[in-house]
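Please read the structure below before turning to the comments.
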Protein chains: 4
Amino acid sequence: MPPRKVKLRDEKRETILDGAVRVIAAKGFHRTRVSEVAKAAGVADGTIYLYFESKDELLRAVYERAMNRFLERGLLALAEASDPRAQLERFIQLHLECVGEDRELAAVFQVDLRKSIPFLQELSLGLLQRYLDALATILDRGQRKGSFLADLPPRELAKMVFGVLDELATNWVLSERNYRLESSAADAITFITRALGCSQPPRSN
Amino acid sequence: MPPRKVKLRDEKRETILDGAVRVIAAKGFHRTRVSEVAKAAGVADGTIYLYFESKDELLRAVYERAMNRFLERGLLALAEASDPRAQLERFIQLHLECVGEDRELAAVFQVDLRKSIPFLQELSLGLLQRYLDALATILDRGQRKGSFLADLPPRELAKMVFGVLDELATNWVLSERNYRLESSAADAITFITRALGCSQPPRSN
Amino acid sequence: MPPRKVKLRDEKRETILDGAVRVIAAKGFHRTRVSEVAKAAGVADGTIYLYFESKDELLRAVYERAMNRFLERGLLALAEASDPRAQLERFIQLHLECVGEDRELAAVFQVDLRKSIPFLQELSLGLLQRYLDALATILDRGQRKGSFLADLPPRELAKMVFGVLDELATNWVLSERNYRLESSAADAITFITRALGCSQPPRSN
Amino acid sequence: MPPRKVKLRDEKRETILDGAVRVIAAKGFHRTRVSEVAKAAGVADGTIYLYFESKDELLRAVYERAMNRFLERGLLALAEASDPRAQLERFIQLHLECVGEDRELAAVFQVDLRKSIPFLQELSLGLLQRYLDALATILDRGQRKGSFLADLPPRELAKMVFGVLDELATNWVLSERNYRLESSAADAITFITRALGCSQPPRSN
DNA sequence: TATGAATGAGAATTCATTCAT
DNA sequence: CATGAATGAATTCTCATTCAT
């Protein structure tokens, strides 16, 4: 019966990934040594290779897990709000909350992993596309309902919206000051909704 | 001080930097070997070390030179346009033109160098601050003149504007399609000026 | 002493040895991993170590078993033939038959195991000595009976005879062509009996 | 002008090969570590890789050099003797002399290198074929001139002759006693010429 | 007994940097 | 100044062996 074993196996896998995130956050992507990840995860060097084909494979898994967690939350948000304007605001808040929650993870995410290795790029593209798709869907629906101006294509708008949020996140990660990322949400919402030509006045929230 | 020699020295330095950009663009930041840079520059491996302290130092120089070239152009643009709205549009166009001009350099810039090494980050911050300062100055002036809404701080706006442009640039670098980056300029201008609450209609240009 | 258990124990031991032969034949001596032997034998990695002290020990056992099987047959042959000339011919045929029977095993034997590890060498020497002794006994008796010329010492002759047969075997193992090794027997007999100065004409068989 | 450099390069290459032979002879083929070869050759580990692609490549080179040296001598011998019988005797002596000259080298040769790695085998086959060809040529000429019986194909005979010599060499390498390999030459000549059915009596030499 | 996940010592290889020419 | 051969520290990955279950 595999259940038990699979459970243990997955748990150790997670443990290793956690260790990897920790080390990468501390030392940076390329300065990260497999042996350090092993130590951080509390396993032997060789154990890493029972769970991951290679160092690169491990790093890809780190990235994948993080991105998937992020997307799951973002996509769930879509169901929670009914009108596009509210959905968009929720999406913006979630993006910043998600990234803002764990600075370590965010550092890995914003600074190191995302743009580094060719095959990470591929993956990055795939997952990023999912993100942009989700966002574009909201924007498209909003344009059809008249909530947003329709003079720019939703896909293009999605990129620019992501750019705004991503830059805020990166700035936060790299900045020394200890402000909360979520505190940028209001400004971002103002900026973005205005850029989208929202007819309605900003929500009271 | 022998001017002649300094001249030659600087020329070879530039040659090496050119080689470095070429190799980094082709192989990526971490896959780049000093010996490959040397070959690309047509010098011996050891010669690199007569001009740069270390490999990291070389890479920082690559980055610095590129960023400075970029800023020089952007800051010059400020003098060429008189009103903040026009300045902003020029700034946007310049950003995208600059990045769009040399896809190789852009790749180094967007994908590899910017977010990789701790001390590159420091540098990055310094230069990026200069960029954001320049942009914030325009925005501030615009807010004072009533060209832009003044409900968000210029520094915050500058980040978000940079985010939009940067994301467009990154997307362009990573995309396979061979569209021209400048062609995104119109959309970016629409998006951004609307976000800034520009009162005037878009310029005919 | 519990015969039943010993029986089972020996059976599993044989199973493991069979697996080892298979893997070694396929991958070569040094490319063989303990885990692969385990898989081929249908047991867990750890189980190997319940039957063999170490990997080297396992390999020595493989060799020993094969050599013993070989010698048993060879020595039996001595009883079956009465005169030295016939014994010699039978010996030659047996050598080539034995090796020729199982190309897999022969490959392990000729190519990999025999000359590889120091303590395998010792063992090899021991068993090889038994082989050479058996052969020398035949030759010695033949010399005494006048069947073979007696101008060279039997031990020396035995080596050279072994050399002829061994080289034929090695050539066969390494050759791509699928001829039967036994078909070389006639040539070998001609060559060797002539070298020994046999007075009688070759037997009709 | 390359001559000087090539000279130096080749010299160092030889130095490394010499070191490799020494270590392989001492520790055996698979127990040989690159770092040990480096130390034996008096160079740094990395230097090995300036002259050889990989460890396997280095070992192949060791083998190739040895085999070529051997063949050169053997083939020269052909020119020195006029009649096939004398040529054969010279060949036998040379084989045993060559191997007997340097026990270290012979150990590498007989025990380790020859039969170990797949691609070494290929090489081995190629060079061994050249050896067998040379020998077969002598035998063939001898058969045509009536010096040797012609009832067995020269190629087949060559293998068996090689087997005799090779076995004597292997026995010598593995034996503890300190006899000279060349002292086996007379016996080998007696055995082989008789096996070939030489009409003439053994030479006085 | 049997298992197989975990271990960690060990090995090949790379590549930034040096320095004799 | 320029060279590029040499260096050797550093790193990834393998695999024989162990031991808790």
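Note on naming: letters A, B, ... go to the chains in the order of the sequence lines (proteins, then strands), and numbering restarts at 1 for each one.
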Quiz item: What stems involve DNA chain F, if each pair must be Watson-Crick or G-U and both of its distances must be under 3.5 Å, with 3 or more such pairs in a row?
Solution: E:2-21 with F:2-21
Self-check item: OP1 or OP2 of E:dA5 under 4.0 Å from side-chain N/O of A:Arg9
Solution: no
Check nucleotides 17-21 of chain E for protein N or O atoms closer than 3.5 Å to its own N or O atoms and list the pairs.
from	atom 1	to	atom 2	distance (Å)
E:dT17	OP2	B:Tyr49	OH	2.7
E:dT17	OP2	B:Lys55	N	2.9

Practice problem: For residues A:Leu58 and A:Ile48, report the shortest heavy-atom separation together with the two atoms involved. | Solution: CD2-CG2, 4.2 Å
Quiz item: Whole-Å distance between E:dA11 P and D:Leu58 CG?
Solution: 16 Å
Exercise. Please assess B:Glu57 against B:Arg60 for the test salt bridge (Lys or Arg N to Asp or Glu O under 4.0 Å), listing each intermediate value before the final yes or no.
Key: CA-CA 5 Å; B:Glu57 177 54 26; B:Arg60 183 163 61 193; 2.6 Å; yes
Practice problem: Not counting sequence neighbours, which residues clear side-chain hydrogen bond (donor to acceptor under 3.5 Å, both in side chains) with D:Glu53? List them please. | Solution: none
Quiz item: So do the side chains of C:Phe52 and C:Leu17 get within less than 4.5 Å of each other, counting heavy atoms only?
Solution: yes
Quiz item: Nearest to the side chain of A:Tyr51 - F:dC1, E:dT3, E:dA6?
Solution: E:dA6
Practice problem: Please check the phosphate of E:dT14 (OP1 and OP2 only) for any side-chain N or O of B:Arg33 closer than 4.0 Å. | Solution: no
Quiz item: For C:Tyr51, what residues pass the side-chain contact (heavy atoms from CB on, under 4.5 Å) criterion, not counting sequence neighbours?
Solution: C:Arg9, C:Lys12, C:Arg13, C:Ile16, C:Thr47
Practice problem: With sequence neighbours left out, write down each residue that passes side-chain hydrogen bond (donor to acceptor under 3.5 Å, both in side chains) with D:Arg65, or none if nothing qualifies. | Solution: D:Glu14, D:Asp18
Quiz item: What is the minimum heavy-atom distance between D:Gly19 and D:Ala40, and which atoms define it?
Solution: O-CB, 3.9 Å
Quiz prompt | Heavy-atom side-chain contact between D:Val37 and D:Val43 under 4.5 Å | solution = no
Self-check item: Rounded interatomic separation in angstrom, taking NZ from B:Lys39 and P from F:dT3
Solution: 15 Å
Exercise. Could you check how far CD1 of C:Ile16 sits from P of F:dA16, rounded to whole Å?
Key: 15 Å
Quiz prompt | Any B:Lys12 side-chain N or O less than 4.0 Å from OP1/OP2 of F:dC1 | solution = no
Practice problem: Tell me which nucleotide among E:dT3, F:dT3, E:dT7 gets nearest to the side chain of A:Leu50. | Solution: E:dT7
Practice problem: Mind calculating the distance between CD1 (C:Ile48) and P (F:dC15) to the nearest angstrom? | Solution: 16 Å
Quiz item: Where do A:Thr15 and A:Ala41 come nearest, in terms of heavy atoms and distance?
Solution: CG2-O, 3.6 Å
Quiz item: Between F:dA6 atom C1' and D:Arg13 atom CZ, what is the distance in whole Å?
Solution: 18 Å
